[in-house]
Amino acid sequence: MVIESIPKAAGFIYGLLAFAALAWLWYSGRFTRRRALPFLIVSVLLGFLVFAPVFPYQLQMVVLGNAAALGSPLPAAIGGLLAFIALALVFGRVICGQVCPAGAVQELMYLVPAKKRGRAESRAPVAVRAGVFIVFLVAALGLSVNLLALIGLPAFFHLAIAGVSFFVFLAIVLLSAVVYRPFCRYVCPYGALLAPAASRALYRLRRTDACIKCRKCERACPTGEADPSARLGECYLCGRCTEVCPVDGALVYGRGK
Ligand code: SF4
Ligand code: SF4
């Protein structure tokens with residue numbers, strides 16, 4: 001289904017524009033899950049039409065040094081990936097929230113009404129993802145193995161149903177109906193780089209003195225990051241916590257801790 005004649009740069013430009021729009025929605029206090037929904041849908045459609053901006057696969061190709069598959073010169077791809085890490089240092093994981101097609105498709109699947117598992121668990125997924133990141137680097141740099149292709153990330157968006165790998169990623173997507181973002185939280189190598197940046201983000205969700213400690217946000221958060229002591233590296237800016245908060249101004253996206 002991916003239309004190869006559409007330049008991958010179209011996905012990157014969309015990524016920048018969507019990032020700016022979503023960051024502004026958060027900054028201005030206008031972010032709602034309803035407003036974020038069109039971004040999720042467009043991002044997934046671009047994944048299937050352009051296979052961009054699929055950031056983790058771009059990272060995979062950069063580490064493999066495969067400029068041809070990137071659709072852009074290697075330095076430009078590296079610059080793009082670094083730019084979004086720098087943006088995560090300011091605004092948090094906006095691109096994971098609604099822009100990256102791999103994240104968006106899992107976010108949409110989590111809307112399926114099914115009993116949810118593994119909520120509020122953040123440490124184990126981070127530890128697993130750190131291990132996968134080492135395997136990812138060793139496989140790519142030492143053995144020239146494309147781990148994300150084995151997992152089926154490109155096969156899924158190319159609808160390459162003839163291969164086994166398509167069904168591996170399809171299984172991950174189906175799993176995300178019950179487990180929140182299994183690929184992002186347990187596997188994604190780019191997420192492994194974005195999370196430490198987001199945990200130091202200048203702008204972040206924070207509670208104010210208006211908080212009445214009802215803990216509704218903590219119960220709504222699928223990653224345990226609404227806890228006041230959380231560092232927010234695993235906050236996907238999904239908006240569930242702000243949506244359920246009963247007090248205006250108690251949970252805000254703003255500067256500082
Ligand atoms: S964690 Fe990785 S796959 Fe998930 S949204 Fe972020 S970049 Fe995309
Ligand atoms: S519910 Fe959790 S993951 Fe979603 S925005 Fe709030 S703190 Fe972040």
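Throughout, residue positions are numbered sequentially from 1 according to the sequence presented. Indexing begins at 1, ligand by ligand and atom by atom, following the structure's order. Quick caveat, the model's predicted, so the values are computed rather than measured.
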| message | Contact between Leu194 and Cys96 at the side-chain level, heavy atoms closer than 4.5 Å - yes or no? | response | yes

| request: Mind checking the CG-CZ spacing from Leu232 to Arg204? Nearest 0.5 Å is all I need. | output: 5.0 Å

| task | Locate the shortest heavy-atom distance separating Arg207 from Ala226; write the atom from each residue and the value. | result | NH2-O, 2.9 Å

| From Ile95 atom CD1 to Ile85 atom CD1, the distance as rounded to the nearest 0.5 Å | 8.5 Å

| task | Please work out whether any backbone atom (N, CA, C, O) or any side-chain heavy atom from C-beta onward of Cys96 is under 4.0 Å from ligand 1, and answer side chain, backbone, both or neither. | result | both

| Parallel, tilted or perpendicular: rings of Phe12 and Phe84 (30°, 60°) | perpendicular

| task | Among all protein heavy atoms, pick out the one at the shortest distance from atom 8 (Fe) of ligand 1; state its residue, atom name and that distance to 0.1 Å. | result | Cys100 SG, 2.4 Å

| request: For Tyr190, take its heavy atoms, then give the atoms of ligand 1 lying under 4.0 Å from any of them. | output: 7 (S)

| note | Atoms of type N, O or S from the protein that sit nearer than 2.8 Å to atom 6 (Fe) of ligand 2 number exactly 1

| query | Any side-chain heavy atom of Thr242 within less than 4.5 Å of one from Val252? | reply | no

| request: Give the numbers and elements of all ligand 1 atoms closer than 4.0 Å to a heavy atom of Ala102. | output: 3 (S)

| query | Which of the atoms in ligand 1, numbered in the order shown and given with their element, are less than 4.0 Å from a heavy-atom of Gly191? | reply | 1 (S), 2 (Fe)

| query | Touching ligand 1 at all, Gln106? Heavy atoms, strictly under 4.0 Å? | reply | no

| NZ or CZ of Lys116 within 45° of Tyr110 ring axis and under 6.0 Å | yes

| With a 4.0 Å cut-off, would you call Glu234 and Arg93 a salt bridge? | yes

| Side-chain donor-acceptor pair present, Glu107, Tyr180, cut-off under 3.5 Å | yes

| query | What are the atoms of ligand 1, with element, lying closer than 4.0 Å to any heavy atom of Phe183? | reply | 3 (S)

| note | atom 2 (Fe) of ligand 1: closest protein heavy atom, distance to 0.1 Å, is Cys188 SG, 2.2 Å

| query | Of all the atoms in ligand 1, which lie at a distance below 4.0 Å from a heavy atom belonging to Arg181? | reply | 5 (S)

| Salt-bridge criterion met for Arg206 and Glu225 (N-O under 4.0 Å) | no

| note | One finds that the ligand 1 atoms under 4.0 Å from a non-hydrogen atom of Gly103 are 5 (S)

| note | So the atoms of ligand 1 within less than 4.0 Å of a heavy atom of Cys184 turn out to be 1 (S), 3 (S), 4 (Fe), 5 (S)

| request: Could you tell me which residues satisfy ring-ring contact (aromatic ring centres under 6.0 Å, His included) with Phe91, sequence neighbours excluded, listed by chain and number? | output: Phe19, Tyr203

| request: Could you list the atoms of ligand 1 found under 4.0 angstrom from a heavy atom of Pro56? | output: 3 (S), 7 (S), 8 (Fe)

| query | Got the closest protein heavy atom to atom 1 (S) of ligand 1, with its distance? | reply | Arg93 NH2, 3.2 Å

| Check ion pair Glu218-Arg215 (N to O, under 4.0 angstrom) | yes

